[in-house]
Amino acid sequence: MAGPSSAGSRQTWSSNWTFILAAIGAAVGLGNIWKFPYVVGVNGGGAFVIVYLVAVFLIAIPILIGELLIGRLGHRSPPVAVENVAAESGRSRSWSIVGWMGLIAGFLIATYYSVIAGWTLAYILKAAGGFGGVAATEVAQQFELLQEDPVMMTAWHTLFITIAMFIVARGLNDGIERTVSFLMPALFVMMIVMIGYAAVAGDFGAGVEFLFNADFSKINAETILIAIGQAFFSIGVAMGLMMIYGAYVPDSVSLTRSATIIAVADTLVAILAGLMIFPLVFSNGLDPGEGPGLIFKTLPTAFASMPGGQIFGALFFLLLAFAAVTSIIALIEPMIAFAEDRWGMARRTGCIVFGVIAWALGLGTVFSFNALSDFAPLSAFRVFDGMTVYALIDYFTANIMMPLGGILIAVFVGWMVKQEILDEHLDFGSPLLAKTWRLLIRFIAPVGILAVLVTSLNQGPAG
C-alpha cells in the first residue's frame with residue numbers, strides 16, 4: 001500500500017488546456033528540433049511524413065492513450081498507479097514493473113538531459129554576445145571548447161537542474177502549470193518569429209524542398225521502421241511522464257481526444273523546427289545532418305555571419321531552453337510523485353534529495369565529454385565497447401527500457417485491464433473506433449515496437 005502522503009487528495013490540472021500544454025511541452029524536446037527535421041529530409045521528405053503520421057496513429061497514439069489511462073485510473077505515480085489498476089482488474093501487482101521501467105528510464109534521461117540543456121543556456125549568452133566576435137569559421141570550435149571544460153559544463157548543468165527542481169518543488173498548479181502556461185505559448189510565438197527570419201534571411205525554398213519534396217522511392221522496410229521508432233520516441237511515452245500527467249487529468253477530460261491533439265501538436269512543432277532551421281543552413285552552404293552539432297556548431301556559424309544574428313541567435317537558443325525546461329520537469333515529476341506516494345516524503349524534500357541525485361549522476365555525462373571520455377566501464381562486453389557513461393545511459397534507456405516499456409504498456413492495457421474499465425473510461429465516439437484501438441494496442445503497436453527494439457539492439461547505441 002502507498003505510504004501516507006498528500007497524494008490521496010492529489011491536485012488536478014486546472015483545465016484541459018493546461019494539461020494539453022503540459023503534455024505537449026513534455027513531448028516536445030531538443031530531439032524534435034535537431035533530429036526529426038533531418039530524419040524527414042533524408043528519408044523521403046513529404047513521403048516520410050505520411051509514413052510517420054500513419055505510425056503515429058497506429059502505434060504512438062494507442063499507447064499514449066493507454067499510458068494516460070493508467071495514470072488517471074491509478075491516480076498515483078507510475079509504479080503505484082499500475083499496481084492499483086492491476087489490482088482493480090484482478091491481476092498481479094507485479095505488473096508494477098511497467099511503471100517502474102518508465103519511472104527509472106525517465107529519471108535517468110533527466111540526468112543527461114540536464115547537461116545537454118545546459119548547453120542551450122550557455123549559448124543564449126554566446127549568441128547574444130556575437131560569439132565573442134570571432135570569425136564565423138571559428139564559431140564551431142566554441143562548442144568543442146565548452147565540452148572540453150568540465151567546470152563550465154558542470155556550472156550550466158547545475159543551473160539547469162536547479163531551475164527544473166525549483167519549478168517541480170512548487171507543485172502542479174503553482175509550478176508546472178504556471179511554467180508551461182507561459183513557456184509553451186512563448187515557444188510557439190518564438191518559432192513563428194524565427195521562421196519569418198529564416199524566410200527573409202535564409203534560403204526558404206531549399207528548406208521547404210528538403211522537408212516536403214516527396215520521394216517515395218526512399219520508402220522501404222528500413223524507413224518504415226525509422227518512422228515507427230521516431231513516432232514512438234517523439235511522443236513522450238514509456239518514460240513515466242505521460243502516466244503521471246494522466247494521474248492529474250479530471251474524469252471529464254477525453255483521453256482519446258487529448259492524445260490525438262498532443263501527437264499532432266508534437267509533429268507540428270517538429271516540422272516548424274525544420275522550417276526554422278534548414279533555410280538558414282542551406283543559405284550558408286552548411287551540412288544539415290550533424291545532429292546536436294547542427295544546433296551547436298552549424299547554426300551558430302550561420303548566426304555569426306548573418307544580419308541580426310546576435311538577436312535571433314539568442315532568441316533561438318532561448319526557444320531551445322524553453323523546450324528543454326518543459327521536458328525535464330515532466331521527466332522529474334514521476335520520481336517526486338513516487339517519493340510522495342510511497343514514502344510520504346514532502347515535495348520540496350523530494351526535490352532536494354532527487355535533485356542532488358540527478359545532479360550527481362549527470363556528472364557522469366559531463367565527464368564523458370572530457371575527463372572520462374576514454375572511460376568505458378563495460379568495455380569487457382563487446383556490445384558496450386567504447387561506450388562512455390553517457391553513451392551507456394543513452395543506450396539502456398533509448399534502446400532497451402523505452403521500447404520494452406512501450407510493449408509492456410500495450411500488453412498490460414490491451415490484455416490485462418478489464419474490458420468494462422476500458423469502456424467506462426475511454427470515449428472513442430463510436431464502437432468501431434473503440435474496436436480499432438483495441439486491435440492496435442493488442443497487436444499492431446507491440447509488434448511494431450518490438451521490431452524497433454530488435455533493430456536498435458542490432459544497430460548498437462542510439463544516435
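Computed from a prediction, not measured in an experiment: that's the story for all the values here.
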Chemist: Does a side-chain N-to-carboxylate-O contact under 4.0 Å join Glu333 and Arg347?
Modeler: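 Here Glu333 pairs with Arg347 in a salt bridge, since their nearest N and O are under 4.0 Å apart.
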Chemist: What's the spacing between Phe131 CZ and Phe303 CZ if we round to 0.5 Å?
Modeler: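 Going from CZ on Phe131 over to CZ on Phe303, the span is 7.5 Å.
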Chemist: Measure up the Phe384 and Phe381 rings against each other and bin them: parallel (under 30°), tilted (30 to 60°), perpendicular (over 60°).
Modeler: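 The rings of Phe384 and Phe381 stand perpendicular, inter-plane angle above 60°.
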Chemist: Angle between ring planes, Trp100 versus Phe338, binned at 30° and 60°: parallel, tilted or perpendicular?
Modeler: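 Judged by the thresholds at 30° and 60°, the geometry between Trp100 and Phe338 is perpendicular.
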Chemist: Taking only Lys NZ, Arg NE, NH1 and NH2, and the carboxylate oxygens of Asp or Glu, determine whether Arg72 and Glu67 approach each other closer than 4.0 Å.
Modeler: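 Looking at Arg72 and Glu67, the cut-off is not met.
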Chemist: Measuring from atom CG of Leu30 to atom OH of Tyr113, what distance do you get when rounded to the nearest 0.5 angstrom?
Modeler: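 Here the rounded value is 3.5 Å.
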Chemist: Do the two ring centres, one from Phe317 and one from Trp119, sit under 6.0 Å apart?
Modeler: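 Between Phe317 and Trp119, the centre distance exceeds or equals 6.0 Å.
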Chemist: Taking the six-membered ring for Trp, are Phe107 and Phe354 parallel (under 30°), tilted (30 to 60°) or perpendicular (over 60°)?
Modeler: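 Aromatic pair Phe107/Phe354 classed perpendicular.
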Chemist: Starting from the C-alpha separation in whole Å, work towards a yes-or-no answer on side chain to side chain contact (heavy atoms under 4.5 Å, CB included) for Val269 and Phe188.
Modeler: CA-CA 8 Å; Val269 169; Phe188 277 101; 3.5 Å; yes
Chemist: Which class fits the ring pair Trp359 and His157: parallel under 30°, tilted 30 to 60°, perpendicular over 60°?
Modeler: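 Answer is parallel, since the angle falls under 30°.
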Chemist: So for atom CZ, which belongs to Phe166, do other residues, nucleotides or ligands contribute more than 12 heavy atoms lying within a distance under 6.0 Å?
Modeler: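 Not more than 12 within 6.0 Å, no.
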Chemist: Give a yes or no on whether a salt bridge exists between Arg76 and Glu83, defined as a side-chain N under 4.0 angstrom from a carboxylate O.
Modeler: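 Salt bridge between Arg76 and Glu83, a charged N being under 4.0 Å from a carboxylate O: no.
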Chemist: Quick check on Ile311: does its CD1 atom have over 12 non-hydrogen neighbours (other residues, nucleotides or ligands) under 6.0 Å away?
Modeler: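 Open: at most 12 neighbouring heavy atoms sit under 6.0 Å from CD1 of Ile311.
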